[in-house]
Amino acid sequence: MIEVGTGVRMGRRDVMKASALLAASAWAPVATARDTRDHGARIRDLLSRMTLAEKIGQMNQIAGGRQKALNSRLDAGMLDRVRRGEMGSFLHVAGAEPLRRLQKIAVEESRLGIPLLFAMDVIHGYRTTLPVPLALAAGWDPAMMERAAALMAEEAWAAGLHWTFTPMVDVARDPRWGRVVEGAGEDAYLSSRMAEAQVRGLEGPVRRAGEPPAKGRVLSCSKHFVGYGAVAGGRDYDSADVSERTLHEVYLPPFHAAMRAGSGSFMTAFNDVAGVPMTANEALVGGELRGRWGYQGLVVSDWNAIPELINHGVAATPAEAAALALRAGVDMDMASSTYADHLATAVTADASLVPLIDQAVTRILTTKARLGLFDDPYRFGDAAREKAPLARGTARELATRSIVLLRNEGAVLPLKPAARIALIGALADDASSALGSWRARGQTEDAVTLRRALPQATFDPGTDPAAARVAASADVVLLAIGEDYDMTGEARSRSDIALPGAQQALIDAVRAAGKPIVAILMGGRPLALERALTNIPAVLQTWFLGIESGPAIADVLWGKVSPAGRLPIEMPRTTGQLPMSYAHVPTGRPANPDLAVDSARYHDGAIGPLFAFGHGLSYARFRYSPLTIEQRSDAAVISVAVTNDGSVKADEVVQLYVRDPVASVARPIAELRGFGRVALAPGEQRTVRFTLDHAQVALWKAGKWVIEAGAIEVMVGSSSADIRQRGRFSVAAGEGTVPAASIATLVEVV
Ligand code: GLC
């Protein structure tokens with residue numbers, strides 16, 4: 001087996017049976033006496049000495065500041081509340097020294113000395129701002145995602161933080177939803193791989209019970225459980241009315257993968273699922289997550305979500321809302337103080353809540369113990385490391401690997417060295433947007449824009465008529481278009497995701513100059529660009545790439561690196577097509593190009609996306625040999641040789657899709673079940689071998705993972721729309737034990 005891609009050894013295999021899987025998870029049921037011995041005795045003793053008020057205090061997470069004013073609310077009154085044991089955690093706080101002082105008050109000046117948990121949204125960088133998560137997912141390289149998570153964990157740890165509200169693992173198939181930027185796109189399998197990679201990077205390898213994380217590792221939080229990406233109309237916070245099968249086959253798998261990777265906490269989502277708000281969803285949080293899956297980690301509500309149960313219309317008072325959330329299995333209340341102010345009232349009305357409070361506090365105290373905070377409350381934070389230089393090299397490499405070449409007609413790219421370049425569009429000079437919407441302690445001045453990275457280009461922000469004049473005097477035009485950072489993220493849903501503002505007019509003006517145009521897309525969502533990109537020969541999708549955006553894009557433009565990114569979510573032609581996914585069922589009348597045939601399509605537009613899921617071009621060309629398939633009793637081994645027929649070294653992302661052509665229910669026309677990013681020199685050939693467990697083609701039926709006997713079609717290629725080789729294997733009837741898409745395929749490159 002050789003190193004591939006980023007020099008990462010492929011071969012993670014995760015197809016152990018559920019019991020083995022769960023035991024491997026740090027948050028499995030307390031499986032051995034050792035677990036109990038390490039923490040149980042201490043926690044039971046502590047619990048026995050806590051008053052009800054102190055227990056409820058542990059369930060209370062308060063904002064110690066605001067995102068843009070961290071620590072700003074840690075005034076004398078707040079510190080007195082810490083001394084009285086009225087809170088268990090703070091968010092929106094940071095800094096090795098200020099947090100050490102705050103922890104010292106909790107440990108040395110409160111009655112029981114229980115340490116606090118300090119949390120922040122470190123989504124794609126703490127000080128070194130990296131590409132946004134959707135961009136990192138476009139790298140189709142879990143090792144790269146893990147490196148990004150490990151870097152941000154180390155920087156957050158140095159700042160005294162214990163806990164980050166990451167990874168966001170919500171599958172999203174409607175990019176009108178602004179939070180698509182925070183996840184890994186439309187596919188359950190890809191999202192599962194990216195979820196587990198982030199958890200490994202943040203928490204480190206799954207730890208034996210009793211073993212605290214290594215320095216530089218923090219507690220992760222898999223969010224938002226569950227179905228948040230399925231909100232109606234792509235409207236943030238709206239209802240998610242999904243079928244049970246879609247919930248289990250599409251939205252739950254990445255959470256199961258994150259749990260098995262050892263994610264120490266989960267966050268419930270704002271939305272309801274089929275009318276039951278997730279913050280009060282006893283069936284999915286209590287029944288599925290804690291019951292069937294056996295999850296023992298901490299569950300925190302999302303911001304203010306507990307009192308919002310009143311808005312949902314399922315609670316009449318804050319006390320009722322508190323009781324509903326507690327019964328569902330929500331251990332900690334983020335920012336609303338509803339537990340703090342109303343849970344005691346709820347208890348007087350219903351004493352059966354007391355054991356539930358004890359369970360919640362036990363999980364909170366166990367989380368603190370597993371972080372080693374009872375042994376050494378000051379083990380997080382390093383003021384010297386906090387001042388270390390930015391990791392620009394890593395930021396640039398991750399950014400370069402996230403860029404997707406969507407179109408390159410006439411080989412406009414890479415640019416010719418002597419070309420006179422016009423660089424047009426305000427986004428090319430927008431340092432703030434390069435950082436995306438969740439930027440923790442990232443600073444705008446850290447970002448190197450494309451304009452700074454291309455000093456030889458003539459720049460115009462897109463003014464009329466200067467832009468056309470600048471274009472006319474150049475050999476090639478680089479046109480930076482898309483959205484700024486504030487158009488995606490939380491509460492940034494849009495009803496029309498065509499090119500915003502006056503950018504279409506800018507394109508038309510620049511196009512009139514008659515020079516070859518390279519469109520450089522920037523933004524946090526796939527836009528609907530069929531009209532905008534008409535007659536534009538070259539298109540790069542560059543997302544928001546962090547502090548090294550400019551140099552990374554320049555590396556690809558000049559051909560220093562061949563682009564190899566792939567779309568983690570397809571790009572629609574028009575907004576009206578949404579929601580959409582490549583993994584759709586065929587229907588009784590599959591879409592037909594002939595409009596005279598009645599079929600599942602629109603009559604006012606072409607079929608399918610503008611750019612497909614998994615699409616991405618290269619400066620090289622790759623050839624795929626016919627598949628060989630080895631049938632085993634419970635797996636199929638699919639091998640394909642890939643050759644670089646191009647003239648430059650480049651990565652190819654080899655993708656494996658499956659389809660069950662005849663089953664007891666309609667199955668998607670394709671589902672991703674494996675991929676490998678392989679670096680190949682010109683003329684080099686490597687064989688990629690996928691070992692697919694039969695459990696990975698199970699379907700959710702009548703509350704179980706059912707493997708139905710029959711043939712399974714296999715498709716291997718460079719994208720979901722560029723299948724190069726096909727084959728099939730057969731499976732016997734059986735049962736799976738975990739979500740099919742959550743299981744990682746063993747990928748070997750030999
Ligand atoms: C926000 C987000 C959540 C985030 C939390 C804390 O509303 O929904 O993703 O982690 O509040 O900032």
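Both counts, for ligands and for their atoms, begin at 1 and track the order of listing.
In this structure R290 satisfies the salt bridge (Lys or Arg N to Asp or Glu O under 4.0 Å) test together with D331, sequence neighbours excluded. With sequence neighbours left out, R173 forms a salt bridge (Lys or Arg N to Asp or Glu O under 4.0 Å) with no residue at all. By the salt bridge (Lys or Arg N to Asp or Glu O under 4.0 Å) test, D236 is found to be paired with no residue, residues two or more places apart in sequence or in another chain being considered.
Taking every heavy atom of both residues into account, M144 and L398 meet most closely at CG-CD2, 3.1 Å.
Two residues are said to be in side-chain contact when any heavy atoms from C-beta on lie closer than 4.5 Å; W163 and C221 meet this criterion. Inter-residue side-chain proximity for M571 and Q541 is flagged as met; some heavy-atom pair is nearer than 4.5 Å.
Within 4.0 Å of ligand 1, counting heavy atoms only, the contacting residues are L91, H92, D121, F165, R179, K223, H224, M267, F270, D302, W303, M334, W438, E490.
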